[in-house]
Amino acid sequence: MPGTRSNDEGRRLELDGRAVWICALSLLVGIAAGFAARFLTGLVAFFTNLAYFHRVSWTQVNPWDHAEGWMAVLVPVLGGLIVGLMAKHGSKGIRGHGIPEAMEQVLFNRSKIQPRLMFLKPLSAAVAIGTGGPFGLEGPIIATGGAMGSVLGQWMPSTPDERKTLLGAGAAAGMAATFG
């Protein structure tokens, strides 16, 4: 019969329209997370150019080539202060690496991530990394993809399991984008 299949124990499993809809949304979340990863990489380059070369550019540069002299030690301090203010006044959710915080939301908050984290996490990560912070893009991109899925699941009527699926699709897309 169309729309049914059997599992290992011979029971028939129904494939309903809702599951197909969530799969389609997961695909869209994955595509959006891939674009977000590309944007975040460019945002890091933007802040690196701004902080070390005092120019507006999205071109990837090596901060070691700066001409700041000893003043360059102040750039990461300023970046840390900016991110600290973002954490204090924007959202405490930007603290941390990103992956453990996303897992915590799945386990303890019914897969609900604050919508503002979708913007604050990548922005704070770009400022921190672009100003010389010793961080990588992996966690923030995965957290941003997961937040995109969670927010979509909150905007539309969905169950916690459906939000978990969308969150997982976004996080997986972020991971795929990070590691190519």
A.B. asks: For Ser26 and Thr165, work out which heavy atoms get closest and say how close.
C.D. replies: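 Between these two residues, the closest heavy atoms are OG-CG2, 3.9 Å.
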
A.B. asks: Consider only side-chain heavy atoms of I, L, V, M, F, W and Y, link residues closer than 4.5 Å, and tell whether Val83 and Leu50 are in one cluster.
C.D. replies: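 Yes, it is one cluster - the side chains of Val83 and Leu50 are joined through contacts under 4.5 Å.
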
A.B. asks: For the atom pair CD1 (Ile141) and CE (Met175), what is the distance rounded to the nearest 0.5 Å?
C.D. replies: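 CE of Met175 is found 11.5 Å from CD1 of Ile141.
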
A.B. asks: Please check if Tyr52 and Leu137 belong to a single hydrophobic cluster, counting links between Ile, Leu, Val, Met, Phe, Trp and Tyr side chain heavy atoms closer than 4.5 Å.
C.D. replies: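 No, because Tyr52 and Leu137 fall into different hydrophobic clusters, even though each may have its own neighbours under 4.5 Å.
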
A.B. asks: If you take all heavy atoms of Lys121 and Ala143, which pair is closest and at what distance?
C.D. replies: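 Between these two residues, the closest heavy atoms are CG-CB, 4.3 Å.
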
A.B. asks: Any heavy-atom pair between the side chains of Val75 and Phe47 that's under 4.5 Å?
C.D. replies: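 Of all side-chain heavy-atom pairs linking Val75 with Phe47, none is under 4.5 Å.
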
A.B. asks: For Ser124 and Met86, work out which heavy atoms get closest and say how close.
C.D. replies: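 Looking at all heavy atoms of both residues, the shortest contact is N-CE, 3.7 Å.
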
A.B. asks: Does the Asn49 side chain pair with the main chain of Thr59, one donor and one acceptor, at a distance under 3.5 Å?
C.D. replies: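 Checked: pair present.
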
A.B. asks: Nearest 0.5 Å, what's the CD1-CG distance between Ile129 and Leu40?
C.D. replies: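 Here the rounded value is 6.5 Å.
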
A.B. asks: Would you say CZ of Arg38 has more than 12 non-hydrogen atoms from neighbouring residues, nucleotides or ligands within 6.0 angstrom?
C.D. replies: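 For Arg38, atom CZ is not crowded (no more than 12 foreign heavy atoms under 6.0 Å).
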
A.B. asks: If I take atom CD from residue Glu162 and atom CE from residue Met156, how far apart are they, to the nearest 0.5 angstrom?
C.D. replies: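 Here the rounded value is 6.0 Å.
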
A.B. asks: May I ask you to test the Thr159-Arg18 pair for a side-chain heavy-atom distance under 4.5 Å?
C.D. replies: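 The answer is no; the side chains never approach within 4.5 Å.
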
A.B. asks: Minimum heavy-atom separation for Gly79 and Val127, please, with both atom names.
C.D. replies: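 Result for this residue pair: O-CG1, 3.9 Å.
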
A.B. asks: Would you say the side chain of Glu68 lies within less than 4.5 Å of the side chain of Leu74, judging by non-hydrogen atoms?
C.D. replies: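 Result no, sub-4.5 Å side-chain heavy-atom pair not found.
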
A.B. asks: So, for Ala33 and Gly174, which heavy atoms are closest and what is the spacing to 0.1 Å?
C.D. replies: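 Taking Ala33 first and Gly174 second, the nearest heavy atoms are CB-N, 4.2 Å.
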
A.B. asks: Going by heavy atoms in the side chains, are Ser158 and Leu166 under 4.5 Å from each other?
C.D. replies: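 In short, these two side chains do not touch, never coming nearer than 4.5 Å.
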
A.B. asks: Treating Ile, Leu, Val, Met, Phe, Trp and Tyr as nodes and any side-chain heavy-atom pair under 4.5 angstrom as an edge, say whether Phe135 and Val44 lie in one connected cluster.
C.D. replies: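 Yes, Phe135 and Val44 fall within the same hydrophobic cluster.
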
A.B. asks: Surrounding CH2 of Trp58 (heavy atoms of other residues, nucleotides or ligands, distance under 6.0 Å), is the total greater than 12?
C.D. replies: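 More than 12 heavy atoms, drawn from other residues, nucleotides or ligands, come within 6.0 Å of this atom.
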
A.B. asks: Applying a strict under-4.5 Å side-chain criterion to I, L, V, M, F, W and Y, I'd like to know whether Met148 and Phe119 cluster together.
C.D. replies: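 Result: yes, single cluster for both.
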
A.B. asks: Any donor-acceptor pair under 3.5 Å linking the side chain of Thr131 with the backbone of Pro76?
C.D. replies: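 No, the answer is negative, given that no donor and acceptor are paired below the 3.5 Å cut-off.
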
A.B. asks: Which heavy atom of Pro122 sits nearest a heavy atom of Leu43, and at what distance?
C.D. replies: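 So the two residues come closest at O-CD2, 4.3 Å.
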
A.B. asks: Check for me, please, whether Leu117 and Leu123 land in the same ILVMFWY cluster - side-chain distances under 4.5 Å, paths through other members count.
C.D. replies: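 In one cluster: yes.
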
